[in-house]
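Let me begin by presenting the structure, written as structure tokens, before commenting on it.
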Amino acid sequence: MTSSASAPARTFRVGIVGCGAISRNHLEAFGALDNVRIVGVCDIDLDRARATAESWDVPHAVNTVAELLGLGVDIISVCTPHPTHEDVVLQSAAAGVHVLCEKPISTDLPSAERMAAACAGAGVKLGVLFQRRFWPGAQRIRAAIDDGTLGRPVMGQCSVMLHREPEYYSKDAWRGTWANDGGGVLMTQAIHYIDLLQCFMGDIAEVYGKINSYKHGTNIEVEDSATAVLTFTSGAMATLEASTAVSPSLGVQIRITGETGASASLTEFPEGSDGRVDLWAVGGTITTEAVHPAGVRPNVDLATINGQLIPHHTSQVRDFVAALENGTEPAITGEDATKALRILLAVYESSRTGLPVRFAAVDQMDITGQPSPPEAPAAELTTRTPVSR
């Protein structure tokens, strides 16, 4: 009796578009996988692409997406400024190439929807980086929702109180502008935690919010601070606060209370560290950890923040490649990423109009047994540029 050797596992050829700061995370993450080969990097600054290729032992450096696609890649990894994502994704989909895109998926909803539709029509996968979903602490809370320990969330709180110096915005010309950044703290920092909150609490029904700029208003167009009240289709409610005007940084806290009455809280402090479950209030007992441990430096530079997230980038990249191998959907699809974008854009629109933005009817969860009050007027979500101050 003879047996044939099993076929070798497929090796996926990867091209990375954009050689800025976050490209390191993608280079490290894809480079950690045995069934992946990074064959090229691309940047509009060809010298920067060449320097990146040399540093990371990548065979090819080019300065157009078309050239990168011409290398026969299976996956394009998008690390370019926010408004450029659509063009890269559409070119990749047209070439039949799968795409893993940095957050935000885009800076407006029609663009995000075009990206998802193009990939679906071409039969390729579209994944979007929200690596904090891969924190063990985040997955513990998600499991407690699913197994009934917390049960269906009824109340939530998301606090994103971070520190940025003016130089953070002035270093890159595209930062801090509506046209090129698409927004401020909500679009660039808080979107990670809006995604987590929405992942825990479900689909959004209504958003009422305000934005302003308290510290950085003299050198950016966009908001450095925002607040919002969120209502979900389940009837659950949550509050959101976000700022880059905080000194020292307070980090991030997300707290969920479920229909069982139990609560759990997740803290990222300092920024870039793994999210810790610092509150577990279940079954009549409360277990806590210090939210702000003594001796921890609160303000962390961007390179350190990005570097500490590499293990979770790697987890999401591994999940994406496994989805291609198995013909399944990645953990975070383009459609998933659009949900967080929809919430933050609604904060901008609500701040502009002074009205809530309503997406769907709300299930009142049969809390009172009384008829719901009449709905107040609501704004429609548009693509108009908000006024931040």
Side-chain angles (χ1 to χ4, degrees), residues 14-27 29-30 40-45 48-49 52 62-69 73-122 124-132 172-184 186-192 194-195 222 306 309 313 316-317 320 330-345 348 383 385:
V14 175
I16 295 176
V17 183
C19 296
I22 200 62
S23 66
R24 173 195 168 194
N25 291 49
H26 292 240
L27 287 157
F30 279 110
V41 294
C42 172
D43 198 280
I44 58 173
D45 182 340
R48 182 159 71 169
T52 300
V62 298
N63 71 343
T64 70
V65 175
E67 290 175 283
L68 193 64
L69 291 168
V73 296
D74 303 297
I75 302 169
I76 286 287
S77 192
V78 184
C79 304
T80 58
H82 307 162
T84 66
H85 291 176
E86 180 182 1
D87 181 59
V88 179
V89 170
L90 295 188
Q91 287 190 63
S92 301
V97 173
H98 305 287
V99 188
L100 185 60
C101 183
E102 264 298 329
K103 61 78 198 167
I105 181 173
S106 184
T107 56
D108 68 78
L109 283 176
S111 171
E113 290 165 354
R114 287 191 296 269
M115 293 160 69
C119 289
V124 299
K125 305 294 185 186
L126 172 60
V128 181
L129 262 297
F130 281 113
Q131 73 281 354
R132 286 167 172 88
D172 297 302
W174 59 272
R175 289 195 186 275
T177 64
W178 290 114
N180 296 314
D181 214 354
L186 290 174
M187 186 70 75
T188 302
Q189 286 85 26
I191 190 170
H192 281 289
I194 294 171
D195 171 72
V222 297
N306 287 342
L309 290 169
H313 264 86
Q316 186 167 356
V317 166
F320 185 77
I332 304 164
T333 65
E335 182 180 352
D336 294 330
T338 301
K339 294 179 180 181
L341 179 65
R342 183 177 291 114
I343 291 172
L344 74 87
L345 290 177
Y348 293 151
T383 57
T385 299

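Heavy atoms only: backbone and side chains are in, while hydrogens, waters and symmetry mates are out. All residue numbers in this chain count up from 1 along the given sequence.
- Of all non-hydrogen atoms in Ala112 and Ser106, the two that sit nearest each other are N-CB, 3.9 Å.
- Taking each heavy atom of Cys19 and Val41 in turn, the nearest pair found is SG-CB, 3.9 Å.
- When atom types are taken as modelled, the side chain of Asp43 and the backbone of Ala49 share no donor-acceptor pair closer than 3.5 angstrom.
- The shortest distance between side-chain heavy atoms of Asn306 and Arg24 does not fall below 4.5 Å.
- Heavy atoms from other residues, nucleotides or ligands lying under 6.0 Å from CD of Glu113 number more than 12.
- Side-chain atoms of Gln316 come within 3.5 Å of backbone atoms of Val128 as a donor-acceptor pair (strictly under, hydrogens ignored).
- Rounding to the nearest 0.5 Å places CG of Leu126 at 11.0 Å from CD of Glu335.
- For the atom pair Ser23 OG and Phe30 CZ, the distance stands at 12.0 Å (nearest 0.5 Å).
- Between His192 and Leu129, the shortest heavy-atom contact is CE1-O, 4.3 Å.
- For Asp172 (side chain) and Arg175 (main-chain N/O), no donor-acceptor pair under 3.5 Å exists by modelled atom type.
- Between Ala93 and Ala122, the shortest heavy-atom distance links the atoms O-CB, 3.3 Å.
- Here the side chain of Thr84 pairs a donor or acceptor atom with the backbone of Pro81 at under 3.5 angstrom.
- In this structure, the side chains of Lys339 and Ile194 stay at 4.5 Å or more apart for every pair of heavy atoms.
- We find the CG-OG1 distance between Leu341 and Thr107 to be 7.5 Å, quoted to the nearest 0.5 Å.
- Between Gly176 and Asp181, the shortest heavy-atom distance links the atoms N-OD2, 2.9 Å.
- For the pair Gln131 and Lys103, the minimum side-chain heavy-atom distance is 4.5 Å or more.
- Partner of Glu102 under the side chain to side chain donor-acceptor pair (under 3.5 Å) criterion, out of His82, His313, His85: His313 alone.
- The structure places CD1 of Ile76 at 9.0 Å from CD1 of Ile16, a figure rounded to the nearest 0.5 Å.
- Rounding to the nearest 0.5 Å places CG of Asp74 at 12.0 Å from OG of Ser92.
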Show, in sequence, the C-alpha distance, side-chain angles and deciding distance for Phe130 and Asp336, and conclude whether the side-chain contact (heavy atoms from CB on, under 4.5 Å) test is met. CA-CA 10 Å; Phe130 281 113; Asp336 294 330; over 6 Å; no

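- Tested against Val97, the residues Val73, Val124, Val89 include a single side chain to side chain contact (heavy atoms under 4.5 Å, CB included) partner, Val73.
- Interatomic distance, SG of Cys42 versus CG of Leu69, reported as 9.0 Å (0.5 Å rounding).
- The two residues Ile22 and Cys79 come nearest to each other via the heavy atoms CG2-CB, 3.7 Å.
- Looking at Glu86 and Ile105, their side chains never come closer than 4.5 Å, going by heavy atoms from C-beta outward.
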Can you check side-chain contact (heavy atoms from CB on, under 4.5 Å) on His26 and Val317, steps first, answer last? CA-CA 8 Å; His26 292 240; Val317 166; 5.6 Å; no

